[in-house]
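One structure is given below, encoded as structure tokens.
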2 protein chains.
Amino acid sequence: MLAPAFSKETDTLLAQARTLCDRRGVQLTELRRKVLGLVLEGDKPTGAYDLLDRLRVHHKGAAPPTVYRALDFLLEQGLIHKVERLSAFVGCIHQSEDEDHHHAAQFLICQRCGQVTELEDPRVDRALVEAARELGFRPAGSTVEMEGTCAACAAAPASAPAPG
Amino acid sequence: MLAPAFSKETDTLLAQARTLCDRRGVQLTELRRKVLGLVLEGDKPTGAYDLLDRLRVHHKGAAPPTVYRALDFLLEQGLIHKVERLSAFVGCIHQSEDEDHHHAAQFLICQRCGQVTELEDPRVDRALVEAARELGFRPAGSTVEMEGTCAACAAAPASAPAPG
DNA sequence: GACATGACGTTACTACATAACATAACGCCA
DNA sequence: TGGCGTTATGTTATGTAGTAACGTCATGTC
Ligand SMILES: [Zn+2]
Ligand SMILES: [Zn+2]
Ligand SMILES: [Zn+2]
Ligand SMILES: [Zn+2]
């Protein structure tokens, strides 16, 4: 079970995650750290079974529950998000603050290049919370995703979709 | 293959759907009509395999592609929506107008009673479209879902969740 | 009659997610 | 120091969601 080699950026984010978990008194175990690293390394959302395959390289005997339990932990801690439309996971780019565990995020999904952009637009969240409040609905969590064409792909000619 | 018996409300909605499809020059076949009826009859979002089971009662030999193809058609026509968080389908309550096929909908999902409420709040959609536009992103479709506690369940005592 | 189109049947498969139970490690405290 | 609860993980099996690929049949059209 050698530690997988992550990029410098990922290592930085992992160090932040470690600090965050320490402050919260929760355990960022080696397994969870590995899974978080794999999610962060991907430049696009990564499916659970894709993560499982990569995990197995250094973590022999990993099974679906192995990765799903790690993902559950990371979701709870707000270190990753699930993109529902893709059934896939991305690292949260708004961590590092020791605010509340989760935050209201929005995702822009490019149908052409697969790139996903995370937003944290207060106007969007405010509008949604307000609409819910008017109906007496108490919000606990939201999923906001928009599919379409990203700026790069909209500018590129039809035959050359912007690379991943 | 007897026609399944639907409620009066469902029959009314089915008649509207028929009119709509006729105007668009698309075929609301008997199979598609049955599946739409089954979705409309449910007071909660219905999964594809649940629909499949019910479909089989009157439609011997139905298989997953049978129901998924019908669902694809109904989604295209804007007659139903998919609730991503539940991997389940609900009838659209904003049809009957012969506007564009789809519309930007929002869903409130009660974690307690499972009830799902469809909204069509222009503020929410505007905020999201605006946020996307600022990044040069061209929207094609959106998923906006909020989980929490509905008004009825928030008012009810803990032991008595509001019925379905 | 050849041919395209659209809907549906049929078989098989892939992908996503969880239930249920076993094991190991740690801290706590009688 | 031995029992006990808690947390994380291992392990096996199963449940649930979704699609690929190909065949058939009806309709329309030139
Ligand atoms: Zn985030
Ligand atoms: Zn793109
Ligand atoms: Zn609708
Ligand atoms: Zn409720």
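So that the names make sense, note that chain A is the first sequence line, chain B the second, and so on, each numbered from 1. What you see below is based on every heavy atom in this structure, not just the backbone, and it leaves out hydrogens, waters and symmetry mates.
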Subject >> Selection from C:dT10, D:dT12, C:dA17 that lies nearest to any side-chain heavy atom of A:Ser87 >> reply: C:dA17

Original post:
Hey, is the side chain of A:Thr29 poking within less than 4.0 Å of OP1 or OP2 on D:dT9, counting only N and O atoms?
Top reply: yes

**OP:** Round to a whole Å and report the spacing from NZ of B:Lys34 to P of C:dC8.
**Re:** 11 Å

Original post:
Do we see a donor-acceptor contact under 3.5 Å between the side chains of B:Glu30 and B:His59?
Top reply: no

Subject >> same_hphob_cluster(B:Val26, B:Leu20) at 4.5 Å side-chain heavy-atom cutoff >> reply: yes

Original post:
OP1 or OP2 of C:dT10 less than 4.0 angstrom from a side-chain nitrogen or oxygen of B:Lys60, does that happen here?
Top reply: no

Subject >> Candidates C:dT18, D:dT7, C:dT11 - which lies nearest the side chain of A:Gln27 >> reply: D:dT7

**OP:** Select from B:Ala62 and A:Gly47 the residue whose nearest nucleotide in DNA chain C is closer to the 5' end of that strand.
**Re:** B:Ala62

Original post:
Between D:dT12, D:dG10, D:dA20, which nucleotide gets closest to the side-chain atoms of A:Thr66?
Top reply: D:dG10

Original post:
Please give, in whole Å, the distance from C:dT10 C1' to B:Leu52 CG?
Top reply: 13 Å

**OP:** Check if the side chain of B:Tyr49 and the base of D:dG15 share a donor-acceptor pair of N or O atoms closer than 3.5 Å.
**Re:** no

Original post:
Does A:His59 have a side-chain nitrogen or oxygen under 4.0 Å from the phosphate oxygens OP1 or OP2 of D:dG10?
Top reply: yes

Original post:
Should A:Lys82 be listed as having a side-chain N or O under 4.0 Å from OP1 or OP2 of C:dA17?
Top reply: yes

**OP:** Send over the distance from B:Asp50 CG to D:dA17 P, rounded to a whole Å.
**Re:** 8 Å

Subject >> Separation of C:dC8 P from B:Leu74 CG (nearest whole Å) >> reply: 10 Å

Original post:
From D:dG10, D:dA8, C:dG6, pick the nucleotide closest to the side chain of A:Arg32?
Top reply: D:dA8

Original post:
Would you say the side-chain atoms of B:His81 pair up with the backbone N or O of B:Gly91, donor to acceptor, closer than 3.5 Å?
Top reply: no

Original post:
Separation of A:Glu30 atom CD from C:dA24 atom C1', in whole Å?
Top reply: 17 Å

Original post:
For the side chain of B:Arg69 and the base of C:dG6, is some donor closer than 3.5 Å to an acceptor across the two?
Top reply: no

**OP:** Would you kindly give the CG-to-C1' distance between A:Leu86 and D:dA17, to the nearest whole Å?
**Re:** 15 Å

Subject >> Separation of atom CD in A:Glu84 from atom C1' in C:dA17, rounded to whole Å >> reply: 12 Å

Original post:
Atom CZ of A:Arg56 and atom P of D:dT11: how far apart are they, to the nearest Å?
Top reply: 12 Å

Original post:
Under 4.0 Å between a Lys/Arg side-chain N and an Asp/Glu carboxylate O for A:Arg123 and B:Glu134?
Top reply: yes

Original post:
Taking A:Val35 as the fixed residue, which of A:Thr46, A:Leu74, A:Leu40, A:Leu52 is the one that meets the side chain to side chain contact (heavy atoms under 4.5 Å, CB included) rule?
Top reply: A:Leu74

Original post:
Between D:dG10, D:dA17, C:dA17, which nucleotide gets closest to the side-chain atoms of B:Tyr68?
Top reply: D:dA17

**OP:** Would you kindly compare A:Phe73 and B:Ala48 by the position of their nearest DNA chain D nucleotide and give the one closer to the 5′ end?
**Re:** A:Phe73

Subject >> Nearest-0.5 Å distance, CG of residue A:Leu119 to CG of residue A:Leu108 >> reply: 5.0 Å

